[in-house]
Structures are given as C-alpha cells and as structure tokens.
Amino acid sequence: MDKMTGDCALWSSKCRVDYQFEKNNKEHRTDEISTKRLIVRRGQIFNIKVNFTDGSNPEMTKFKLIFEIGPEPKKSNRTQVVVPFTKSINVKRWSGIISSSTSSEWCLAISPSPKAKIGYHSLVLQHIDDQHVKYYIGNFVVLFNPWCSEDEVFLNSDSQRDEYVMNETGIIYVGSSDYIHHVAWNFGQFEEDILDICLKILDNAPLYLKNPSKALATRGYPVHIARTVSAMLNCDDDKGILFGKWSEPYTDGVYPGKWNGSVAILREWNNDGCQAVRYGQCWVFAGVTCTVLRCLGIPTRVVTNFDSAHDADANLTIDSYYDVEGDRTGESNDSIWNFHVWNECWMTRNDLSSGYDGWQVVDATPQEESDGTYCCGPAPVKAIKEGEMDMKYDVPFVFAEVNAHCVDWLVFEHKEKTMMKMNVNVSRVGHNTSTKSCGSDEREDVTSHYKYPDGSVQEAEVFERANRIQNIPQPDKTLGLTLIAEKPIYNGKSVAVTLVVSNKTPEKKVCDVRFWAKKRKYHGPSENTCVKKHKQEITIAPNEEKEIPLKVNYKEYGRFPDMYNLMKLITLVTDVSTKDSTSAIKDITLINPPLTIKVLNEPAVLNKKVQVEISFLNTFPDTLKNCVMTIEGAGLIEGENEIKFKDVAPNEATKVKHEFVPYKSGLKKLLVDFDCDKLQDVKGSLNIAVQDK
C-alpha cells in the first residue's frame with residue numbers, strides 16, 4: 001500500500017492535490033499518528049484542494065466521487081462507494097461538495113459516512129458519462145470516531161475520550177486480591193507504523209484471507225472488529241500476534257513479564273513475516289489489544305479481575321482436587337487465577353436488544369473456543385451482571401469468571417479412589433475488579449459493574465436467572481480453620497503465618513495438622529515441589545480454638561524467583577478419630593522493593609536531553625547479580641534502551657543514570673523494568689511533562 005504523498009503523480013499526471021495533512025489530521029485528532037498522510041475519522045468533514053495540471057476546466061456537474069475500500073489499489077477484491085456531488089454535506093452518509101472553485105482548482109469538502117468501513121481508501125474523480133475520464137486523487141485512512149454521535153463507538157465525554165482513545169500509556173493491575181499492585185504499560189498507539197500494523201492484523205484474519213470482499217463488508221462494525229482483534233491477538237488458530245505460554249522454558253523468546261509495552265511486540269510480528277511473538281500472558285494480550293483498538297478508534301480500557309475463575313467445563317463450578325500431600329490431582333481442568341486481565345470496549349450493540357450498549361468485555365487470552373475460534377467477546381458488561389446467559393458473545397464464560405462456586409475435594413488413593421468434599425465456597429472468585437481511573441493513576445474498582453453484592457436479594461435473582469443454583473450443600477463442620485498471613489509481606493523477609501483451628505463440638509479432639517507452602521503461577525497451578533512442609537498433631541479442648549504460629553523463611557522460598565512473587569498456602573486438618581477434615585487455602589503476594597525514578601534536569605523539553613536517575617535498595621540477604629534495566633516510553637524513547645550495571649550487595653543502594661531526547665511534547669510516562677538473578681521484572685514508572693521548545 002502506497003503511503004499518501006502530496007503529489008498524485010503516482011496515480012495520474014493530470015492533477016496535483018493539497019491534502020492539508022496537518023490541518024485535517026489535527027481536526028480529526030490523528031496528528032499524533034502523522035502529519036505526512038491523510039488519516040480521518042468517519043462522520044467528520046475533511047477538506048482537500050485539487051489543481052488540474054492538464055489545463056482543463058472540468059464541469060462540476062459532470063463528475064462524481066468514487067471511494068474504493070481495501071489495502072491494495074485497483075485490486076478486484078476492493079469495494080466501491082459512489083458519491084455524487086451535492087449542494088450541502090450530509091454527515092449521515094458519504095457525501096462531498098465543491099466548496100469553491102477557479103478555472104483550474106477545486107476545493108472539496110468530504111464527509112465519510114459515520115458507518116464507513118475503516119481502513120485504507122482511495123479517491124477517484126470520474127466523469128459521469130465516460131468512465132475513462134478520471135482523476136486519481138490519492139489514498140487516505142478512515143478510523144472509528146468516538147467524537148461523532150452517529151458512530152457506534154460514540155463516547156459522550158471529553159475526559160473519557162482523552163483516557164480511553166488518546167492516552168498512549170496506562171496501568172495494568174496485577175498481584176492478588178490481598179495485595180494489588182500495578183505495572184505501567186506503553187500502549188504507543190500513535191507511533192506512525194502502528195496504524196499500518198493494526199490494519200495488517202485485520203488483513204491477516206482468516207475471513208479476509210479466505211474471502212476479502214466478505215471481510216471488507218464487515219469493516220464498519222465495531223463488534224466485528226473487536227471480535228476479530230480478540231482472535232488475532234493470539235496465534236492458536238490464525239496468523240496471530242502472540243504465542244501464549246504459562247510455564248518455563250522461555251529461552252526461545254521473551255519472558256512475558258519482561259515486556260513494558262505493545263510497540264516492540266507489534267513491530268516484531270510485522271517485521272518477522274507475521275510469525276507469532278514469543279511469549280505472552282493475559283496482561284500482555286490485554287495490553288496489545290488495547291493498543292490495537294485505541295489505534296483504530298474504539299474506546300478501550302484494561303480491566304483486571306482478581307480471583308478469576310476459569311470454568312473449563314462450563315458448569316459454573318470450579319472443582320479443585322487435592323491429595324493428602326496437598327498436591328493438585330488431574331481430576332479437573334478448572335482453575336482460579338490470582339488475577340486475569342481482559343479489555344472493555346465502548347460501543348453501541350445494534351445487534352442486540354436494547355439496554356446492552358456501553359462497555360463490552362473483549363478477551364484475547366486463548367482459554368476456550370468461541371464458535372470454533374479462540375476469542376472472547378464482545379460481551380456486554382450489563383448482561384454479565386444480570387446473568388443473561390443467552391446474550392452474545394460469551395457471556396456465560398465471563399459470568400463464571402466473576403461468579404462461579406468453588407468446591408474443594410480431598411482424594412484418597414486406595415484401590416478404589418474415593419473423594420471427600422472439604423469445602424464449598426460461593427464467594428471465592430470475582431474480587432476487586434480494577435481498572436485505571438479516568439484522568440489519574442488511581443485504581444477504580446468496577447466490581448459492582450459485574451456482580452451484585454454477595455448475599456443480596458439481587459444476587460439471588462441473578463443466580464436464578466442464570467440457572468446457576470446447583471444445590472451444592474456445605475459439608476457439616478465439626479472443625480473450623482482459618483489461615484492468617486501477617487501483612488505486609490516483603491520479598492526477602494520471613495512470612496509469618498498463623499493457623500487457627502477450632503473445635504465446634506463439646507468433646508475433646510485430637511487432630512492431624514498439615515501445612516504446605518508452594519510457589520504458585522498466577523493463572524492457578526501451583527508447583528508440586530513445596531518450599532515448606534509442616535506436620536504436627538494437636539489436641540483441642542471442647543468448643544475451643546488453638547493457634548499454631550509458623551514461618552516461611554526467605555531461604556525456603558527465595559530460590560524460585562519469578563515476576564509473580566506468589567505462594568499458595570494450604571492447610572488440611574483431620575480429626576484422627578472420625579476422619580472429618582477441613583481445609584484452608586490462601587494465596588499471598590510478596591512485595592518487591594520499589595524503584596525510585598527522578599528527573600535530574602527539570603523541566604523536560606522537547607528535542608533536548610533529559611537525564612533521569614533510577615535508584616534501588618537491595619533489601620535481600622544476598623548480593624544481586626546480572627543486573628539490567630530496560631527503559632522505554634512513548635514519545636520519550638524510540639524503542640527500548642538496556643542498561644547493565646554492577647552487582648548490588650545486601651543493604652546497598654544503587655543509582656543508575658540515563659539520558660534520552662523526548663520527541664513528543666505533553667504528559668508522557670517513562671517505564672523501567674529491572675531484572676537480576678534474584679528478582680525478575682520489577683517495574684517502575686514516572687510521569688514526565690515534556691514542554692515544547
């Protein structure tokens with residue numbers, strides 16, 4: 001596809017065109033992408049001037065506008081829109097007027113339809129009676145328009161459009177429901193090459209490769225675009241962007257936690273012949289999805305659901321099976337993720353009954369197939385909250401993520417395997433659903449958008465509507481068990497844990513207590529290798545409780561560094577006499593020491609060197625080796641910069657200085673990723689206001 005130039009000599013020697021790139025793109029809020037080619041939003045007028053260099057003076061009434069849609073000019077799979085000149089612009093459809101004219105020049109005002117297909121377009125002036133008489137005007141790109149009330153992605157808030165369309169950086173929440181922390185993300189949707197890459201993604205979707213004309217016919221519908229992007233961000237059944245992987249080794253790619261943003265990922269996919277980039281996990285999928293959809297003009301935000309259920313068998317129950325050593329058995333593919341990250345997109349749902357416009361869940365992480373493809377959504381958030389399980393797309397799957405029941409089973413390995421139900425928990429999943437606040441770096445809790453409060457009348461009504469009540473009785477309890485972890489929990493320090501066992505009967509009990517601490521992956525599975533085991537027998541008086549203090553030391557858990565810093569604590573208490581059992585499970589997150597970033601030569605000025613200092617205190621009992629920092633930021637640094645520095649001794653503070661030259665003005669975000677042999681992907685960020693010259 002040719003980039004548009006100011007001279008249409010590539011098309012014809014009969015005319016020259018002034019596309020007024022800077023003026024048009026600024027008015028269409030696309031000048032952050034480029035001022036060297038025409039990029040417009042649908043439902044909004046743009047102006048161009050056509051100078052007829054062949055000396056002719058075409059009759060105005062004898063010409064029409066022909067817009068061809070598609071990535072390659074003059075290809076048979078391109079579709080056309082034919083538009084006659086009118087006396088006034090009609091912003092509800094494709095229209096054009098000659099706003100003024102001279103003997104050799106026309107000034108044209110053109111308005112793409114608010115339902116126009118997005119992507120590459122070319123424009124031709126053609127004689128009404130003789131198709132051989134034509135002037136090739138050039139190429140331009142049309143995007144969705146959240147500022148246009150007739151567009152399906154219209155968002156009636158300046159502050160929300162600034163956040164969910166125009167903001168090139170953001171925050172993604174990770175960790176656990178007990179300790180929520182965040183990583184900054186460089187969306188970078190306005191880097192000039194990113195737009196072409198985003199359109200290339202659509203052109204590599206299976207439907208387009210199979211039937212381009214049919215695929216182009218759907219390019220005007222944000223529902224279709226969001227669903228296509230969801231499928232194309234993973235590579236499970238197409239030429240998608242990211243290869244998802246949740247366990248080692250990552251030696252033939254990039255560890256998912258290493259990424260600071262989307263730009264490097266999209267460029268690698270584009271430059272490597274559309275080969276999937278290795279590797280991604282849920283927040284990476286969501287971050288890149290946000291980049292693509294914002295770039296195309298669909299308001300999008302990143303949302304994290306803590307204690308998120310993955311209901312593999314679609315029965316709205318998460319079954320977990322444990323043996324007597326606290327290890328998960330292979331009885332179920334269900335899981336609970338410490339956190340799971342997806343996207344919300346803003347759009348009108350003309351394909352549904354009224355009442356389901358607004359935020360829609362779109363999830364590119366490949367978990368389960370939807371209509372034979374690994375994608376998810378767009379699912380109306382309102383439908384999820386109300387349990388409207390027959391609403392497209394994929395409402396039941398997302399409903400389970402925030403509402404599923406959880407059942408823990410104890411499996412006994414005898415000749416005939418037997419199981420005992422230990423616990424039923426109806427409120428273990430779907431907590432602290434979080435997104436970055438509009439206009440600030442604060443966390444906004446949107447849990448109430450997805451579900452009613454636990455125990456409320458509305459919750460019971462939704463359960464009934466979703467056919468979710470499955471009559472899962474709670475086992476009779478003669479024992480009570482609570483697992484308490486002292487907060488805050490710092491990486492490198494001992495973790496203090498207290499088990500509280502209670503006897504709910506009037507008789508003395510002798511109990512076997514078992515405790516395991518295991519490294520945990522954020523998406524559910526824990527390592528079967530324990531970092532700590534504890535076993536003891538206790539006696540509890542009637543109607544009394546007993547506290548058992550324990551510690552998990554750094555020397556026990558510190559040999560398994562990863563970016564998650566997660567541990568699963570499992571406790572099983574069994575009555576020696578009756579064999580009645582109860583269990584408690586707790587996921588904990590270890591807090592890393594922070595990175596401190598400051599600008600040394602404020603204020604930061606466009607096209608002038610900025611020096612920053614990044615400092616870090618080693619609070620670990622060991623020397624940190626193989627230290628490296630990776631730095632990036634949209635508008636601040638082209639690509640990524642990597643800095644290696646010396647080992648850091650215990651209790652030693654280190655400072656790293658770095659210089660860069662900002663190439664865009666405005667509020668930008670610098671992102672830093674720190675790795676060493678004991679720590680992986682410690683994140684830091686700093687907002688930097690870059691002034692014009």
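Owing to the predicted nature of the structure, the values given are computational and were not obtained by experimental measurement.
Salt bridge annotation for R443-D445: present, with a cationic side-chain nitrogen under 4.0 angstrom from a carboxylate oxygen. Ion pairing of D203 with R219 is present here, as a side-chain N (NZ or NE/NH1/NH2) and a carboxylate O approach within less than 4.0 Å. A salt bridge is defined here as a Lys NZ or Arg NE, NH1 or NH2 lying under 4.0 Å from an Asp or Glu carboxylate O, and D18 with K23 fails to meet this definition. Ion pairing between K436 and E163 holds under the 4.0 Å rule for side-chain N and carboxylate O. A salt bridge is absent between E150 and R42; no separation between the charged side-chain nitrogens and carboxylate oxygens falls under 4.0 Å. In summary, E22 and K36 do not engage in a salt bridge, as defined by a charged side-chain N under 4.0 Å from a carboxylate O. In summary, K115 and D151 do not engage in a salt bridge, as defined by a charged side-chain N under 4.0 Å from a carboxylate O.
Going from atom CD1 of I89 over to atom OG of S111 covers 5.5 Å, rounded to the nearest 0.5 Å. Remark: K200 NZ to N270 CG distance equals 4.0 Å, nearest 0.5 Å. The CG atom of L195 sits 5.0 Å away from atom CD1 of I39, with the distance rounded to the nearest 0.5 Å. Atom CG of L233 is separated from atom CG of L242 by 6.5 Å, given to the nearest 0.5 angstrom. With rounding to the nearest 0.5 Å, the separation of CG in L108 from CG in L123 is 7.5 Å.
A 6.0 Å sphere centred on NZ of K609 holds no more than 12 heavy atoms belonging to other residues, nucleotides or ligands. K239 NZ: 12 or fewer foreign heavy atoms inside a 6.0 Å radius. Heavy atoms from other residues, nucleotides or ligands lying under 6.0 Å from NZ of K49 number 12 at most. Heavy atoms from other residues, nucleotides or ligands lying under 6.0 Å from OH of Y221 number 12 at most. Environment of CD in E642: crowded, with over 12 heavy atoms of neighbouring residues, nucleotides or ligands closer than 6.0 Å.
A side-chain N or O of N186 and one of E632 form a donor-acceptor pair less than 3.5 Å apart. Between Y173 and W283, the side chains place no donor N or O within less than 3.5 Å of an acceptor N or O (distance only, hydrogens not considered). K668 and N687 share no side-chain donor-acceptor pair at under 3.5 Å. Under 3.5 Å, the side chains of S665 and D692 contain a donor-acceptor pair of N or O atoms. Counting only N and O atoms by type, the side chains of T435 and E444 include no donor and acceptor under 3.5 Å apart. No side-chain N or O of N204 forms a donor-acceptor pair with one of D238 less than 3.5 Å apart. Side chains of N592 and N491: a donor-acceptor N/O pair is present below 3.5 angstrom, by distance only. For the residue pair W342 and T365, no side-chain donor N or O sits within less than 3.5 Å of a side-chain acceptor on the partner. A donor and an acceptor atom, one from each side chain of N47 and Y19, are nowhere located under 3.5 Å apart.
Residues W185 and N260 fail the side-chain proximity criterion, which asks for heavy atoms closer than 4.5 Å. The side-chain heavy atoms of D681 and D675, taken from C-beta on, include a pair separated by under 4.5 Å. Within the 4.5 Å cutoff, the side chain of I180 has heavy atoms near those of the F306 side chain. Proximity of V229 to L202: side-chain heavy atoms (C-beta onward) are separated by under 4.5 Å at one or more points. The shortest side-chain heavy-atom distance between V605 and V690 does not fall under the 4.5 Å cut-off. Two residues are said to be in side-chain contact when any heavy atoms from C-beta on lie closer than 4.5 Å; V446 and S434 fail this criterion. In this structure the side chain of N145 never reaches within 4.5 angstrom of the side chain of H28, judged on heavy atoms. Using a 4.5 Å cut-off on side-chain heavy atoms (C-beta onward), I110 and I45 make no contact.
The residue from I631, I643, V612 that alone fulfils the side-chain contact (heavy atoms from CB on, under 4.5 Å) condition with V672 is I631. Test F46, F140, F67 against H121 for ring pair (Phe, Tyr, Trp, His ring centres under 6.0 Å) and you get one pass: F140.
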* To do: Any chance you could lay out the salt bridge (charged side-chain N to carboxylate O under 4.0 Å, His left out) test for E652 and K646, step after step, and finish with the verdict?
  => CA-CA 12 Å; E652 179 187 358; K646 66 180 181 65; 2.8 Å; yes

* Please test K683 against D673 for salt bridge (charged side-chain N to carboxylate O under 4.0 Å, His left out), starting from the C-alpha separation and ending with a verdict. => CA-CA 5 Å; K683 305 290 187 180; D673 174 279; 2.7 Å; yes

* Asked: Stepwise, does the salt bridge (charged side-chain N to carboxylate O under 4.0 Å, His left out) test hold for D196 with R37?
  -> CA-CA 12 Å; D196 295 301; R37 56 174 170 156; 2.8 Å; yes

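Side chain of R301 to backbone of E344: no donor-acceptor contact under 3.5 angstrom is found. Put simply, the side chain of N305 never gets that close to the backbone of T433: no donor and acceptor are under 3.5 Å apart. Side-chain atoms of Y663 come within 3.5 Å of backbone atoms of G635 as a donor-acceptor pair (strictly under, hydrogens ignored).
Cation-pi check for K678 over F620 is not met; the charged atom does not lie both under 6.0 angstrom from the ring centroid and within 45 degrees of its normal. Geometrically, R294 engages F187 in a cation-pi contact, judged by NZ or CZ lying under 6.0 Å from the ring centre and within 45° of the ring axis.
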